[in-house]
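Written below as structure tokens is the structure these notes are about.
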Amino acid sequence: MSDSDNRAKLVELGQSPYAIYEYFVEKGWTDGLPIIPPTEDLIVDMLRYTDRERDEVIADIPPNGGAATVEKIAINAVMAGCRPEYLPVIIAAIEAVVVPEYNLYGRQTTTHPGAHLVIVHGPIRNELDINCRQNVFGQGWRANATIGRAVRLIMTNIGGGIPGITDMATHGHPGKYSYCIGEDEEGSPWPAFHADRGFDASTSAVTVYCAESPHNVNDLVSKTPQRYLGSAASTMSHLGANGPYRGLMESEQMLVITAESAQWLHGHDWDKDDVQGFLYDNAQNRVGDLRDRGGWGHMPMPDFVDMENDDDLSPIVPLPENILIVVAGGHGRHMQAVLSSSYTMSITKPIALKDGTPIQSVQDFLK
Amino acid sequence: MTFERSQIPTSTIITEAFATYGHKLTELQSMEKLPIIVLPHPIAARPEDEVRAFAQAASEDVINALLHAS
């Protein structure tokens, strides 16, 4: 698709960085933080890292249906502080969020605190220096900080997700500024997340998952996988979460564990599907504890749950494979429950040339 | 809005805290004429008899929205 009417307009501003920032704030084009002015030379420099036309529309972003052209994606990426070579990751993320199962319209406008977590897989993590380990959800890595921020700016500036007007999040969360991690594939004893979804491990890919803020699970003491993951199951199924009341819906919930923990579990002969199965079986609640609170009655419970029996148990997702396991983080026993609203499914897309061929390196775009 | 576009009679009911949001979305979708019935806010934790009273008061508008295309 292309639409020359979608071309961005050139605005002449002065040389003062502060005045330019004020102008962008006044226009509602920032997340509140300063931006890099998207000058023509910076945009052209970034566009070297795509083989698509400048005015090609990658997606229409709800709620206002704004056309996310390659140019406008690049503009927002420049504003976010991205290096030019991050552009292919952001384009793949935008292709992913508009897949219908992701339910972007609902996620952009809901009261629920969901942010677009971008998880980067494959060799591109190392090429772009995307943090997969210590402080993985935190500050300090340019690639993580600016890729996640670029996606948010696109949601606001192109999609029209304006806080308090169309973005009706009751509280939101800090990940709505930026939310991007890499998977620690080198540290993990298990197949990479995107490999589980049918991609070659050597393919670089992006997963988007609309999620609440990470909720820490700190278990320093447990000596068995059952005890350790039991702590995670408890956090994933807390009574204020969405999952316990929406176990019938096609939905997912995520646990992020470190390579250390994954290796320890693997040493006990636990594979990823064992972890998923255990969490599915144990992240469950008594009907009597769910009754008349939280999201009770908004959605039907699974058919196999006896709603009249207070002691019957209800799961947080329909199937064990709907428990997503991602290996990331540094040293220590902490885990992160990264929960969703249940009204969304994660989507994985390869980072590819326009013809669909997965790239080997971002340098492929310069050939 | 999707239902209305599909010619399924629809009555859109929101609370006043979401009125700006509702009108903005109809504007973005070029459906400014879609009737939006606005109830007081908040509503979730009110006693049932109060909620029923709100519903009763809005019933005529709901019927009109269902019977007349926007």
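The model shown is predicted, which means the values in this text are computed figures rather than measured ones. Chain naming here is simple, since letters A, B, ... match the order of the sequence lines and numbering starts at 1 in each.
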With a sphere of 6.0 Å drawn around [atom1] of [X], does it hold more than 12 non-hydrogen atoms of other residues, nucleotides or ligands?
X        : atom1 : result
B:Arg46  : CZ    : yes
A:Asp303 : CG    : no
B:Gln56  : CD    : no
A:Glu250 : CD    : no

Does any heavy atom of chain A fall under 4.5 Å from the side chain of B:Gln29, the backbone, both, or neither of them?
side chain

Going through the distances and angles, do A:Tyr105 and B:Leu25 end up as a side-chain contact (heavy atoms from CB on, under 4.5 Å)?
CA-CA 11 Å; A:Tyr105 190 105; B:Leu25 291 187; 3.6 Å; yes

For side-chain contact (heavy atoms from CB on, under 4.5 Å), just list the numbers for B:Tyr21 and A:Thr109, CA-CA rounded to whole Å, side-chain angles, deciding distance to a tenth of an Å, and then say yes or no.
CA-CA 9 Å; B:Tyr21 161 73; A:Thr109 57; 3.2 Å; yes

Are the side chains of B:Phe18 and A:Thr111 in contact, using a 4.5 Å heavy-atom criterion?
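Yes, side chains in contact.
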
Evaluate the side-chain proximity of B:Leu28 to A:Thr166: yes if any heavy-atom separation is below 4.5 Å, no if none is.
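In short, these two side chains touch, coming nearer than 4.5 Å.
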
Inter-residue atom distance B:His23.NE2 - A:Ile165.CD1, 0.5 Å rounding:
13.5 Å

